[in-house]
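Every number for a ligand or one of its atoms is a count from 1 in the order of the listing. Because only heavy atoms are used, hydrogens play no part in the values below, and waters and symmetry mates are left out as well, while side chains stay in.
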Amino acid sequence: MNKGIFFVAIDLNKPMLEQGPFDVVLHKLPGKEWREIIEDYRHKHPEVTILDPPDAIQHLLNRQSMLQNVAELNLSDCHGKVGVPQQLVITKNASASTIPYEVTKAGMKLPLVAKPLVVDGSAKSHELCIAYDELSLLKLEPPLVLQEFVNHGGLLFKIYIVGETIKVVRRFSLPNVGKHELLDVDGLFRFPRVSCAAASADEADLDPNIAEHPPKPLLERLARDLRRRLGLHLFNIDMIREHGTKDVFYVIDINYFPGYGKMPEYEQIFIDFLLSLVKNKV
Ligand SMILES: O=P(O)(O)O[C@@H]1[C@@H](O)[C@H](OP(=O)(O)O)[C@@H](OP(=O)(O)O)[C@@H](O)[C@H]1OP(=O)(O)O
Ligand SMILES: Nc1ncnc2c1ncn2[C@@H]1O[C@H](COP(=O)(O)OP(=O)(O)O)[C@@H](O)[C@H]1O
Ligand SMILES: [Mg+2]
Ligand SMILES: [Mg+2]
């Protein structure tokens with residue numbers, strides 16, 4: 001309040017046009033009906049900042065379109081390389097019996113991480129597993145995306161983005177998969193939310209070759225390019241460093257409007273961001 005910011009809850013049982021006036025509408029609601037309400041409001045009130053436009057958020061609700069923009073970036077000239085693991089979409093009407101053939105045709109190497117194609121905030125959209133051998137691919141349930149597993153020393157960088165501000169935290173992740181394991185282990189390995197907030201590695205004593213943050217200029221360029229391409233202000237990026245390299249990175253996941261309570265100094269960052277939106281308009 002003392003910064004001149006007043007949060008007013010939107011009454012979902014009343015027409016948006018009868019509420020307000022608003023400078024900014026901040027939302028994270030799923031579903032077509034809400035999207036239509038916001039789009040209609042946006043056309044009638046172009047002066048109001050919608051955080052963020054529903055059609056932009058849509059990019060991140062599918063694990064193929066989510067990473068498309070990263071794959072198209074060319075960041076190799078600034079302090080490192082950023083790519084996405086090779087991935088293959090298995091559509092809803094594909095039969096699991098075709099997956100081994102499609103994987104071989106695409107030249108993908110096991111193990112593969114299988115992820116539900118749709119990301120909708122449900123627990124189901126976070127039910128991931130690792131396939132160690134071809135036979136286990138037959139047990140998968142399309143639609144899904146298969147991503148080559150990249151060894152990354154069991155550590156992941158979660159990069160929070162609020163407008164132009166970036167904050168990096170370390171989270172524990174899946175351990176490397178060794179060649180011997182590949183030979184001995186078979187089947188599907190279903191795993192829980194390994195890199196959630198409780199898995200913070202910020203205070204852990206880790207090998208600096210694994211734990212050193214990605215170079216700041218690289219992250220700034222990646223964040224700027226993704227903000228522009230995605231048309232979003234609020235998201236976080238899950239990034240891993242390929243084990244054994246200094247500056248080869250992969251983006252494996254992008255989340256819209258994550259739990260910012262886990263971002264260091266988020267209160268001040270969010271206040272400054274909201275004020276900047278209004279300041280830039282006058
Ligand atoms: O998908 P991740 O990488 O686990 O990130 C989650 C995710 O963004 C999750 O949102 P949803 O997909 O469940 O809607 C966030 O939940 P909340 O928005 O309820 O907090 C988690 O906070 C994200 O985890 P993190 O904050 O560690 O990125
Ligand atoms: N291609 C990959 N290589 C290695 N580990 C991965 C890969 N993809 C995901 N993981 C591991 O699985 C976890 C969850 O994957 P992610 O794509 O972030 O799904 P979610 O949206 O449920 O967080 C990551 O935090 C990481 O530990
Ligand atoms: Mg993730
Ligand atoms: Mg995610």
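Heavy-atom contacts of Asp253 reach the following atoms of ligand 2: 16 (P), 17 (O), 18 (O), 19 (O), 20 (P), 21 (O), 23 (O) (cutoff under 4.0 Å). Interface atoms of ligand 2 facing Asp238, defined by a heavy-atom separation under 4.0 Å, are 18 (O). Shown in contact with His126 at under 4.0 Å from a heavy atom are these atoms of ligand 2, numbered in order with element: 20 (P), 21 (O), 22 (O). Numbered from 1 in the order shown, with element, the atoms of ligand 2 that lie under 4.0 Å from a heavy atom of Ser195 read 24 (C), 25 (O), 27 (O). The ligand atoms of ligand 2 that sit less than 4.0 angstrom from a heavy atom of His152 are 4 (C), 5 (N). Numbered from 1 in the order shown, with element, the atoms of ligand 2 that lie under 4.0 Å from a heavy atom of Val194 read 13 (C), 27 (O). Against a heavy-atom cut-off of under 4.0 Å, Pro85 is close to the following atoms of ligand 2: 1 (N). Distances below 4.0 Å separate heavy atoms of Ser173 from the following atoms of ligand 2: 26 (C), 27 (O).
Of the heavy atoms in Leu156, only side-chain atoms (C-beta onward) come closer than 4.0 Å to ligand 2. Contacts between Val119 and ligand 2 below 4.0 angstrom, taking non-hydrogen atoms only, are absent altogether.
Counting all heavy atoms, side chain and backbone alike, Ile50 lies closest to Tyr41 at CD1-CD2, 4.1 Å.
Under the 4.0 Å criterion applied to side-chain N and carboxylate O atoms, Glu220 and Arg224 are not assigned as salt-bridge partners. Under 4.0 Å is where a charged nitrogen must lie from a carboxylate oxygen, and between Arg35 and Glu39 no such pair does. The pair Arg229-Asp225 does not meet the salt-bridge criterion, since no charged nitrogen lies less than 4.0 angstrom from a carboxylate oxygen. Salt bridge Asp253/Arg63: present, at least one basic N to carboxylate O contact under 4.0 Å.
For the residue pair Gln147/Lys115, the side-chain donor-acceptor check at 3.5 Å is satisfied.
Atoms CG and CD1, on Asp23 and Ile5 in that order, are 10.0 Å from each other to the nearest 0.5 Å. The CD atom of Glu127 lies 7.5 Å from the OG atom of Ser122; values are rounded to the nearest 0.5 Å.
Considering backbone and side-chain atoms together, Lys115 places an N or O closer than 3.5 Å to an N or O of ligand 2.
When Ile240, Asn176, Ile252 are checked for heavy-atom proximity to atom 10 (N) of ligand 2, Ile252 turns out nearest. Nearest to atom 19 (O) of ligand 2 by heavy-atom distance, out of Gln86, Gln147, Arg63, Arg193, is Arg63.
Assignment of Phe191 to the shell around ligand 2 is supported, since a heavy atom sits closer than 4.0 Å. For Glu148, the closest heavy-atom approach to ligand 2 falls below 4.0 Å.
Take the Mg ion (ligand 3) as the corner point: the lines to OD2 of Asp253 and to OD2 of Asp238 open at 90°, to the nearest 10 degrees.
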- So Asp52 and Tyr256, side-chain hydrogen bond (donor to acceptor under 3.5 Å, both in side chains) or not? Walk me through it. CA-CA 9 Å; Asp52 280 302; Tyr256 182 66; 3.0 Å; yes
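When atom types are taken as modelled, the side chain of His152 and the backbone of Val150 share a donor-acceptor pair closer than 3.5 angstrom.
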